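Each chain gets a letter, A, B and so on, in the order its sequence line appears, and its residues count up from 1. Source: prediction; values computed, not measured.
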Number of protein chains: 2
Amino acid sequence: MTYHHGDLRAALLSQARCAVDADGEAGLSLRGLAAAVGVSPNAPYRHFPSKEALLAALSAQGFAELTGRFATCSDQVGTDRLIGYLSAYLGFARENPGLYRLMFGRSLAPLSCDPALGEQSQACFRSLMSLIAAVWDLDETDDRVPRGAAQVWSMCHGAALLDIDQAIAFLPEDRRPTASDLAATIVGGLRP
Amino acid sequence: MTYHHGDLRAALLSQARCAVDADGEAGLSLRGLAAAVGVSPNAPYRHFPSKEALLAALSAQGFAELTGRFATCSDQVGTDRLIGYLSAYLGFARENPGLYRLMFGRSLAPLSCDPALGEQSQACFRSLMSLIAAVWDLDETDDRVPRGAAQVWSMCHGAALLDIDQAIAFLPEDRRPTASDLAATIVGGLRP
DNA sequence: ATTTAAATGTTGACATTGCACACATGGTTG
DNA sequence: CAACCATGTGTGCAATGTCAACATTTAAAT
């Protein structure tokens, strides 16, 4: 191995992503990351000004990936598209619980750490808004679009956490809301 | 001040609650708590086996309070009751952002720390289920009740985070979902 | 090509933290 | 009064984030 790692920044992010999904955000130390990648404890500071900044970069990566998943459903139309987005969202959360938690589990702090994070999360929300605009056939600038998107995001986020968290594990898995359940509620309300 | 504090346990919890709403969960150290209350750094260990356990107890307290807020709306009926619950939920989150984040921001770990936490969070969910059962006029044991409650909780949780987090601060405050908005969606779906 | 500057990685050190141990204190009970 | 035990104190240790000084490699400039 050379003195220079090659692409330490990417290696750290990759390792962090594994670790965060395995041990959760709590069991993630900068020193441990460095050791796992095979560099000295302080090497990460050449690529991230702080641990927060690394976590912020990881979050941004997560938002970008989620936005990408949305994009794959963009060719569908009507309710199918809605269900596609919901499935993509729930699927992402289920497959990357630690990362998902990281993305939404902290407040503004990381935003000021990494402007890219703000950019990516906004892009993600914009993608949601374009979904709403398309489903309702509204102009993107219509005031009702962001309002609707916020509610859809609310439902997604809550359902994703229900799925990830053991906080409500007493609710059997087959009773947790599915993408179709959410879509039905959005379209026609919640009914018995 | 006497050698014995009197009710150190309660004092610690109270102080922790202030600190968590002020500085967030990150800026909360056992040692700092002890200092703020005026005892030695290790005194808390006589009342909580670990930091996690203290946080778990605080969470449990939060769930109990939230359940209490639900109870004050129990005399209302129909949609009014639904709106009451939603307002209570959003109000609690807005008034105690740090605590709310603590309650929902961690996975199962605290549950195993403090059985009371599991008990309280379950009681909270049961309260939500009884709301659903009443609004829909269903038997409490009906399978559709927990499913509906899970969806309502999803919406509440997402909306609460939208309100608390600056992660989507770019959404103007007056466009964020209100309790009435959520109620309308639940009753009749999300419409433009 | 040689020199020089910038980028990257290493080492040592320090403050903070959660936590474990042994010990001190003081109210309670026989 | 004496013994006990819950409660609080002190010391100490390992892990962690971060800073400062130094080493090495690569790239740029002359």
Side-chain angles (χ1 to χ4, degrees), chain A residues 1-20 22-59 98 102 105-107 109-114 117, chain B residues 1-20 22-59 98 102 105-107 109-114 117:
Chain A
M1 180 66 79
T2 70
Y3 186 89
H4 281 62
H5 182 281
D7 195 353
L8 183 54
R9 185 189 158 94
L12 284 171
L13 283 174
S14 158
Q15 179 64 33
R17 177 155 183 178
C18 294
V20 87
D23 307 329
E25 187 189 342
L28 187 154
S29 81
L30 220 44
R31 293 174 104 105
L33 241 50
V37 172
V39 294
S40 81
N42 278 7
Y45 284 92
R46 294 293 147 191
H47 299 271
F48 304 96
S50 71
K51 183 184 181 182
E52 269 305 294
L54 188 153
L55 261 22
L58 191 55
S59 276
L102 178 71
R106 23 196 62 236
S107 48
L111 268 182
S112 56
C113 252
D114 188 349
L117 175 54
Chain B
M1 178 71 75
T2 70
Y3 185 90
H4 281 63
H5 181 282
D7 195 353
L8 182 55
R9 187 191 156 92
L12 285 170
L13 283 175
S14 158
Q15 179 64 32
R17 178 155 180 177
C18 294
V20 87
D23 307 328
E25 187 190 341
L28 189 154
S29 79
L30 261 190
R31 294 172 104 108
L33 242 48
V37 172
V39 294
S40 81
N42 279 5
Y45 284 94
R46 293 294 147 191
H47 299 272
F48 303 96
S50 72
K51 181 185 183 183
E52 269 304 296
L54 189 152
L55 262 22
L58 190 56
S59 276
L102 178 70
R106 22 194 64 238
S107 48
L111 269 181
S112 56
C113 253
D114 188 348
L117 174 55

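- Note that OG of B/Ser59 is 5.5 Å distant from CG of B/Leu117, once rounded to the nearest 0.5 Å.
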- prompt: After noting the C-alpha distance and the side-chain angles of A/Leu30 and A/Tyr45, does the key distance pass the side chain to side chain contact (heavy atoms under 4.5 Å, CB included) rule?
  reply: CA-CA 9 Å; A/Leu30 220 44; A/Tyr45 284 92; 3.6 Å; yes

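- For the pair A/Leu28 CG and D/dT16 C1', the interatomic distance rounds to 12 Å; values are reported in whole Å.
- The shortest heavy-atom contact between B/Ala57 and B/Phe48 is CB-CE2, 3.9 Å.
- Among all heavy-atom pairs drawn from A/Leu58 and A/Leu13, the shortest one is CD1-O, 3.7 Å.
- Look at CZ on A/Arg46: it is 12 Å from P on D/dA21, rounded to the nearest Å.
- Contact of A/Arg31 with D/dT18 (side chain to base): a donor-acceptor pair of N or O atoms is detected under 3.5 Å.
- Atoms CG (A/Leu12) and P (C/dG9) sit 9 Å apart, rounded to a whole Å.
- Within the 4.0 angstrom heavy-atom criterion, base atoms lie near A/Ser40.
- Between B/Leu8 atom CG and D/dT9 atom C1' there is a gap of 13 Å when expressed in whole angstrom units.
- Rounded to an integer number of Å, the gap from CG of A/Asp7 to P of C/dA7 is 16 Å.
- The separation between A/Leu30 atom CG and C/dT16 atom C1' is 16 Å, rounded to whole Å.
- Distance A/Lys51 NZ to D/dG17 P: 4 Å, rounded to the nearest Å.
- Distances shown here put a side-chain N or O of A/His47 below 4.0 Å from the OP1 or OP2 atom of C/dG9.
- For the pair B/Arg9 CZ and D/dG8 C1', the computed distance is 17 Å after rounding to whole Å.
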